[in-house]
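Accompanying notes for the structure given below.
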Amino acid sequence: MVKDKERVYLSLAHMSGNEQKYINDAFEKNWIAPLGPNVDGFEKELATSVGVNAAVAVSSGTAAIHLALKLLDVGPGDKVFCSTLTFVASANPILYQGAEPVFIDSEPETWNMSPHALERALKDAVQEGVLPKAVIVVHLYGQNAKMDEILYLCNKYNIPVIEDAAESLGSTYKGKASGTMGTFGIYSFNGNKIITTSGGGMLVSNDVDAINKARFLATQAKDPAPYYQHSRIGYNYRMSNVLAGIGRAQLEVLEERVRARREIFNFYYQHLSYLPGITFMKELEDTRSNRWLTTLLIEENDAGLSNRSLIELLSEENIEARHVWKPLHMQPIFKGVSYYSHGENENISEELFKKGICLPSGSGMAEVQQQRVIDCILSLFKLKV
Ligand SMILES: Cc1ncc(COP(=O)(O)O)c(C=O)c1O
């Protein structure tokens, strides 16, 4: 029985019950290391699940992005284009490499990278004679970006694409798994993601050699010698065999988790979509979102309350809701960085930030908890409307 003011969290880890089996196996065999059968198994099983040739399990999604940039030889003086509406971890690895980010606005349908803005940025880059070394495209909240348009543009200029699919494991775009359409894809298994290893990530690609090179870099770049010899800088980025065991059990229930999150979205939609000033994030045609977080926009003039006040009022009821990501071009750390808007006077990501809210969406959330969120929002609207 859920107690009255028990906290409703945004997105909690949701164990399947099978995790312990893999963890016990690691303990029994004393594979308590950043390599071992669970790591190998998790890599193979994830690669099969999304349909790529190779995968390397690492300590975080951020590490996976960093390795992708290393493999593409991104360094000082290089530019990397990146979606602006995202978590800071999408772009921080650009700075780790001493390269320069250029932020690309969202478009209104998917909230993800605007092909219009990307095209303008590429045209300018051609004029300046310096093309970006890579484009990082984020699939936000499980929604796929418009990959056909983005890949068309990037292929035209021969620019590799890194898909930041940290939030979109289990989503599909025209039948293809999110994260498998670019040169590299990355997933995150952070505690709040659709499946988790408590902390971890995966780099995937159809280029087996590149993934082997990533594995080498992620394991301190040890040369094949009978002693510890290093010819280049490496990283300690491998995933532990214990955590990979959690990942294997979680991967077994990925489809169930996607279905649960989609049901959560539908339940919210059914009860709240008719409210004045509320618009839910849509789903692009011919795609399937994992609906990692249910997100919606609140038009203050119509709704009678802003996203910020709704988040605060829900918090008073011990319900955790959050703002949509603050665009990176608005972040103090990226002050002065180049940015391309969707239209001349259309800054879609800024609008989404101004109006957006993420509702509690954990796949383990009980229906009574979700009903409590809905009842709370309905009562707030009754007071305001
Ligand atoms: C869009 C996005 N990119 C990258 C990351 C980084 O993943 P991690 O926390 O595993 O480093 C996250 C989540 O944390 C994310 O939401």
Side-chain angles (χ1 to χ4, degrees), residues 8-16 46 49-50 60-62 64-65 83 85-90 106 109-113 136-145 147 163-173 176-181 185-202 204 246-247 250-251 253-269 272 280-284 287-297 311 319-326 349 352-353 356-365 369-370 373:
V8 181
Y9 290 94
L10 188 76
S11 180
L12 281 183
H14 183 188
M15 294 296 105
S16 71
L46 186 121
S49 156
V50 298
S60 69
T62 313
I65 298 172
S83 305
L85 190 68
T86 182
F87 182 47
V88 71
S90 303
S106 303
E109 232 181 325
T110 64
W111 302 19
N112 287 313
M113 185 177 279
I136 301 176
V137 182
V138 183
H139 304 302
L140 224 49
Y141 304 122
Q143 167 93 280
N144 290 280
M147 287 307 286
E163 287 180 76
D164 179 346
E167 303 175 1
S168 64
L169 180 63
S171 301
T172 56
Y173 177 91
K176 291 186 200 123
S178 193
T180 64
M181 293 163 273
I186 75 97
Y187 303 107
S188 165
F189 308 115
N190 187 281
N192 63 10
K193 295 296 185 287
I194 190 137
I195 62 166
T196 184
T197 56
S198 98
M202 193 80 79
V204 301
I246 302 177
Q250 288 271 291
L251 192 58
V253 292
L254 174 62
E255 178 52 29
E256 268 174 56
R257 299 296 183 255
V258 173
R259 261 188 267 131
R261 297 229 182 206
R262 288 179 65 84
E263 272 167 28
I264 285 165
F265 175 92
N266 290 338
F267 199 60
Y268 279 131
Y269 187 86
L272 301 174
F280 279 75
M281 186 196 235
K282 296 195 173 53
E283 188 172 45
L284 191 66
T287 72
R288 182 176 185 245
S289 168
N290 68 14
R291 294 290 190 197
W292 174 54
L293 294 184
T294 293
T295 50
L296 50 92
L297 301 178
I311 290 167
I319 294 168
E320 185 188 22
R322 290 224 186 131
H323 285 273
V324 162
W325 300 121
K326 181 174 179 172
S349 56
L352 295 170
F353 173 58
I357 166 170
C358 307
L359 293 179
S361 308
S363 48
M365 188 167 60
Q369 288 180 306
Q370 197 184 357
V373 181

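Values reported hereafter were calculated over all heavy atoms of this structure, with side chains retained and with hydrogens, waters and symmetry mates removed. Bear in mind that the values here come from a model prediction, so they are computed numbers and not experimental data.
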So, using ring-ring contact (aromatic ring centres under 6.0 Å, His included) as the criterion, who are the partners of Y9 when residues are at least two apart? none

Checking Y187 now: which residues fulfil ring-ring contact (aromatic ring centres under 6.0 Å, His included) with it, not counting sequence neighbours? none

Measuring from I311:CD1 to I357:CD1, what's the distance to the nearest 0.5 Å? 4.5 Å

Can you see which heavy atom on T287 is nearest to which on N144, and at what distance? CB-ND2, 4.2 Å

Determine the minimum heavy-atom distance between M15 and T196, stating which atoms define it. CE-CG2, 3.6 Å

Using only atom types and a distance under 3.5 Å, with no angle test, would you say the side chain of W292 pairs donor to acceptor with the backbone of S361? no

Between W111 and Y141, how do the two ring planes meet: parallel, tilted or perpendicular, split at 30° and 60°? perpendicular

side-chain hydrogen bond (donor to acceptor under 3.5 Å, both in side chains) assessment of S11 paired with R261: CA-CA 10 Å; S11 180; R261 297 229 182 206; 3.1 Å; yes

To check you understand the geometry: which heavy-atom pair defines the closest contact between A64 and M202, and what is its length? CB-O, 3.8 Å

Apply side chain to side chain contact (heavy atoms under 4.5 Å, CB included) to E163 and M147, showing your working. CA-CA 10 Å; E163 287 180 76; M147 287 307 286; 3.8 Å; yes

Looking at E255 and R288, is there a salt bridge between them, counting it only when a charged N and a carboxylate O are closer than 4.0 Å? yes

What are the two closest heavy atoms between V138 and S90, and how far apart are they? CG2-OG, 3.7 Å

In short, L140 meets T86 closest at the heavy-atom pair CD1-CA, 4.1 Å

Rounded at 0.5 Å granularity, tell me how far CG in L284 sits from OG in S171. 11.5 Å

Atom pair CD/CZ of E283 and F265 - distance to nearest 0.5 Å: 7.5 Å

Partner of P360 under side chain to side chain contact (heavy atoms under 4.5 Å, CB included), picked from I319, L293, L12, is I319

Run M281 and R291 through side chain to side chain contact (heavy atoms under 4.5 Å, CB included) and show every step you take. CA-CA 9 Å; M281 186 196 235; R291 294 290 190 197; 4.2 Å; yes

Identify the two heavy atoms, one from E109 and one from K282, that lie closest to each other, and give their separation to 0.1 Å. O-CB, 4.4 Å

